[in-house]
**Student:** 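I'd like to ask you about the structure that follows.
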Amino acid sequence: MCGRFTLTTEKAVEEKIGVKIKANYNVTPSHSILILEPKPKLIPWGLSPVWAKKSINLINARIETFYEKPAFANTLPCLVVANGWYEWKKSNSSEKLPFYFHKDGKILYMAGIFNEKGCAILTKESSSKISYVHHRQPILLNKAGRSAWVNESNIQPEHYNNEIHFRRVGLFVNSPKFNHPICIEPIS
DNA sequence: CCAGACGTTGTT
DNA sequence: GTCTGG
DNA sequence: CCAGACGTTGTT
DNA sequence: GTCTGG
């Protein structure tokens with residue numbers, strides 16, 4: 001899935017998207033995140049249906065059921081701007097070990113949905129590589145896919161971008177308040 | 001008909 | 001154990 | 001996603 | 001708001 005990510009490339013974000021951001025090595029739900037809809041916009045991570053009296057905190061939406069679920073009706077497509085994300089792998093001892101997924105710092109565009117309350121990231125079954133760590137992953141879109149999604153609400157497997165690298169990282173990232181480059185440092 | 005849920009993750 | 005906050 | 005709180009009373 | 005369960 002995707003419950004924690006990074007956006008650290010200040011320069012690339014300013015050049016490609018025209019927005020000044022502050023590097024964040026530990027973006028957590030409820031943070032304000034950068035989306036393209038397709039205009040750049042800051043919005044809380046966590047979506048609640050407009051009709052929910054008591055707010056629901058939906059940080060992900062399964063693509064498999066997206067079209068059936070009332071909670072996701074009346075949301076609009078967007079792209080969530082990131083340059084990496086974290087997944088935790090359960091070890092034998094039921095210990096959870098964090099891994100960092102990235103494309104050498106390049107900007108990643110995750111498929112998202114939003115409404116006036118916030119934003120959620122679409123997930124799918126993991127690619128075989130990623131499934132070593134976890135069985136769900138965010139949907140990453142290539143260029144054609146980004147346009148199809150935000151302009152036509154059209155999402156297709158051939159638009160998924162599954163080229164990715166990953167490495168084990170230290171436990172620093174576990175604490176939601178800990179935002180530091182050491183979060184993405186490989187474990188030696 | 002009204003009341004109550006409506007989601008994901010993972011875990012059992 | 002389960003919910004809330006970040 | 002993980003970490004941290006989770007209750008009441010009254011008082012500051 | 002809309003769907004499901006009773």
Side-chain angles (χ1 to χ4, degrees), chain A residues 1-8 21-35 42-102 108 110-127 130-140 153 155 160 164 166-187:
Chain A
M1 65 166 318
C2 181
R4 217 67 88 74
F5 67 88
T6 63
L7 185 58
T8 63
I21 55 133
K22 204 157 179 252
N24 193 331
Y25 292 84
N26 199 351
V27 180
T28 64
S30 80
H31 252 104
S32 219
I33 62 174
L34 176 62
I35 66 169
L42 290 171
I43 189 170
W45 184 12
L47 178 148
S48 190
V50 281
W51 42 257
K53 291 183 232 167
K54 200 185 171 198
S55 152
I56 314 176
N57 186 26
L58 302 170
I59 64 168
N60 293 139
R62 297 172 66 95
I63 189 64
E64 295 92 336
T65 53
F66 169 62
Y67 296 96
E68 305 158 14
K69 300 292 185 181
F72 303 131
N74 303 311
T75 59
L76 291 169
C78 68
L79 303 171
V80 177
V81 182
N83 69 348
W85 81 95
Y86 301 97
E87 302 280 4
W88 279 259
K89 179 181 170 69
K90 280 202 215 87
S91 71
N92 309 331
S93 52
S94 82
E95 197 183 11
K96 290 177 185 175
L97 304 175
F99 286 72
Y100 182 57
F101 291 79
H102 63 94
L108 306 175
M110 304 191 283
I113 51 173
F114 74 103
N115 64 13
E116 65 228 49
K117 303 264 186 74
C119 168
I121 296 169
L122 291 186
T123 66
K124 69 180 195 72
E125 191 70 22
S126 288
S127 69
I130 295 174
S131 67
Y132 170 73
V133 177
H134 193 85
H135 71 108
R136 304 291 300 173
Q137 67 161 99
I139 292 180
L140 307 175
S153 294
I155 197 157
Y160 295 172
I164 206 78
F166 70 86
R167 59 172 176 251
R168 169 108 181 264
V169 295
L171 295 174
F172 303 101
V173 67
N174 282 24
S175 173
K177 290 177 187 167
F178 193 77
N179 171 17
H180 188 277
I182 203 170
C183 289
I184 66 168
E185 282 304 306
I187 281 203

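Note on naming: letters A, B, ... go to the chains in the order of the sequence lines (proteins, then strands), and numbering restarts at 1 for each one. These values consider heavy atoms only, across backbone and side chains, with no hydrogens, waters or symmetry-generated copies.
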**Student:** Report yes if a side-chain nitrogen or oxygen of A:Asn174 is closer than 4.0 Å to either non-bridging phosphate oxygen (OP1 or OP2) of D:dA3; otherwise report no.
**Tutor:**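 Looking at the OP1 and OP2 atoms of D:dA3, one of them is under 4.0 Å from a side-chain N or O of A:Asn174.
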**Student:** From the options B:dT8, E:dG1, B:dG7, select the nucleotide whose nearest atom is closest to the side chain of A:Thr65.
**Tutor:**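 Nearest to the side chain of A:Thr65 among the choices is B:dT8.
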**Student:** Under 4.0 Å, counting only non-hydrogen atoms across every strand here, what does A:Pro49 touch: a base, just sugar-phosphate, or nothing?
**Tutor:**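 Nothing, no nucleic acid heavy atom in range.
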**Student:** Without decimals, in angstroms, what is the distance between A:Trp85 CH2 and B:dT8 C1'?
**Tutor:**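 So the CH2-C1' distance, A:Trp85 to B:dT8, works out to 17 Å.
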**Student:** Examine the side chains of A:Tyr100 and A:Thr6 and answer whether a donor and an acceptor come within less than 3.5 Å of each other.
**Tutor:**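 A pair is found: one side chain offers a donor N or O, the other an acceptor, under 3.5 Å apart.
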**Student:** Does A:Phe72 reach a base, just sugar-phosphate, or nothing at all? Heavy atoms under 4.0 Å.
**Tutor:**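 Since only primed, P, OP1 and OP2 atoms lie under 4.0 Å of A:Phe72, the category is sugar-phosphate.
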**Student:** Provide, to the nearest angstrom, the distance between the CG atom belonging to A:Asn115 and the P atom belonging to B:dG7.
**Tutor:**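 It is 14 Å, rounded to the nearest whole Å.
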**Student:** So which nucleotide from B:dT8, E:dG1, D:dA3 ends up closest to the side chain of A:Pro176?
**Tutor:**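 Nearest to the side chain of A:Pro176 among the choices is D:dA3.
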**Student:** Would you compute the distance between atom CZ of A:Phe72 and atom CG of A:Leu58 and round it to the nearest 0.5 angstrom?
**Tutor:**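 Reported to 0.5 Å precision, the distance equals 5.0 Å.
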**Student:** Over all heavy atoms of both residues, which pair between A:Asn26 and A:Asn179 is shortest? Give the atoms and the distance, please.
**Tutor:**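 Nearest pair, atom of A:Asn26 first, then A:Asn179: N-OD1, 3.9 Å.
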**Student:** Return whichever of A:Met1 or A:Lys53 has its heavy-atom-nearest nucleotide of DNA chain B closer to the 5' end.
**Tutor:**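 Final value for this comparison: A:Lys53.
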**Student:** Which base, if any, makes a Watson-Crick or G-U wobble pair with B:dG4, both distances under 3.5 Å?
**Tutor:**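 The base-pairing partner of B:dG4, which may sit in any strand shown, is E:dC3.
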**Student:** Send over the distance from A:Leu47 CG to B:dC6 P, rounded to a whole Å.
**Tutor:**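 For the pair A:Leu47 CG and B:dC6 P, the rounded distance is 16 Å.
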**Student:** For a side-chain contact (heavy atoms from CB on, under 4.5 Å) check, start with the C-alpha distance between A:Tyr86 and A:Ile184, then their side-chain angles and the critical distance, and finish with the verdict.
**Tutor:** CA-CA 9 Å; A:Tyr86 301 97; A:Ile184 66 168; 3.1 Å; yes
**Student:** Report yes if a side-chain nitrogen or oxygen of A:Lys96 is closer than 4.0 Å to either non-bridging phosphate oxygen (OP1 or OP2) of D:dC1; otherwise report no.
**Tutor:**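 So the side chain of A:Lys96 is outside the cut-off, no N or O lying under 4.0 Å from OP1 or OP2 of D:dC1.
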**Student:** Would you mind reading off the distance between A:Asn74 atom CG and B:dC6 atom P, rounded to a whole angstrom?
**Tutor:**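 A:Asn74 atom CG is separated from B:dC6 atom P by 19 Å.
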**Student:** Show, in sequence, the C-alpha distance, side-chain angles and deciding distance for A:Ile121 and A:Phe5, and conclude whether the side-chain contact (heavy atoms from CB on, under 4.5 Å) test is met.
**Tutor:** CA-CA 11 Å; A:Ile121 296 169; A:Phe5 67 88; 4.2 Å; yes
**Student:** Which of these nucleotides, D:dC2, B:dT9, B:dG7, is closest to any side-chain atom of A:Lys69?
**Tutor:**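 Within the option list, the nearest is B:dG7.
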**Student:** Between C:dG5 and B:dG4, how many Å separate the two P atoms, rounded to a whole number?
**Tutor:**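 Straight-line distance between the two P atoms is 25 Å.
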**Student:** Return the nearest nucleotide to the side chain of A:Trp51; candidates are B:dC6, B:dT8, B:dT9.
**Tutor:**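 Between B:dC6, B:dT8, B:dT9, the one nearest the side chain of A:Trp51 would be B:dC6.
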**Student:** Write down the distance separating the P atoms in D:dC1 and B:dT8, rounded off to the nearest Å.
**Tutor:**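 Those two atoms are separated by 13 Å.
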**Student:** I need the CZ-C1' distance between A:Arg62 and B:dG7, as an integer number of Å.
**Tutor:**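 In whole Å, B:dG7 C1' lies 11 Å from A:Arg62 CZ.
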**Student:** Less than 4.5 Å apart, any side-chain heavy atom of A:Trp85 and any of A:Leu140?
**Tutor:**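 When only atoms from C-beta onward are counted, A:Leu140 and A:Trp85 do touch, with a gap below 4.5 Å.
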**Student:** Select base, sugar-phosphate, or nothing to describe what A:Ala61 touches, counting heavy atoms under 4.0 Å on all strands.
**Tutor:**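 It contacts sugar-phosphate atoms only.
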**Student:** Does the side chain of A:Thr123 get closer than 4.0 angstrom to OP1 or OP2 of B:dT8 through an N or O atom?
**Tutor:**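 Answer is no, no contact under 4.0 Å.
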**Student:** Decide whether A:Thr75 and A:Asn115 meet the rule of one side-chain donor and one side-chain acceptor closer than 3.5 Å.
**Tutor:**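 The answer is no; no qualifying pair exists.
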**Student:** Can you check nucleotides 3-6 of chain E for protein contacts, nitrogen or oxygen pairs under 3.5 Å, and list what you find?
**Tutor:**
none

**Student:** What's the spacing between A:Ile56 CD1 and A:Leu47 CG if we round to 0.5 Å?
**Tutor:**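 Interatomic distance, A:Ile56 CD1 to A:Leu47 CG, rounded to 0.5 Å: 9.0 Å.
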**Student:** Look up atom CZ in A:Arg136 and atom CD in A:Glu87, then write down how far apart they are to the nearest 0.5 Å.
**Tutor:**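 So the CZ of A:Arg136 and the CD of A:Glu87 are separated by 10.5 Å.
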**Student:** Considering every strand and a 4.0 Å limit on heavy-atom distances, what is the contact class for A:Thr28: base, sugar-phosphate, or nothing?
**Tutor:**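 It contacts base atoms.
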**Student:** From CG of A:Leu122 over to P of B:dT9, roughly how many Å is that when rounded to an integer?
**Tutor:**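 Answer to the nearest Å: 11 Å.
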**Student:** Can you check the distance between B:dT9 and E:dT2, where both ends of the measurement are the P atom (answer in whole Å)?
**Tutor:**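 So the two P atoms sit 26 Å from each other.
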**Student:** Determine the Euclidean distance between corresponding P atoms of C:dC3 and B:dC6; express it in Å to zero decimal places.
**Tutor:**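 These two P atoms come out 13 Å apart once rounded.
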**Student:** Calculate the interatomic distance between A:Phe178 atom CZ and D:dA3 atom P; express it in whole Å.
**Tutor:**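 It works out to 13 Å between those atoms.
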**Student:** Rounding to a whole Å, what distance do you find between A:Phe101:CZ and D:dC1:P?
**Tutor:**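 Rounded to whole Å, this separation is 14 Å.
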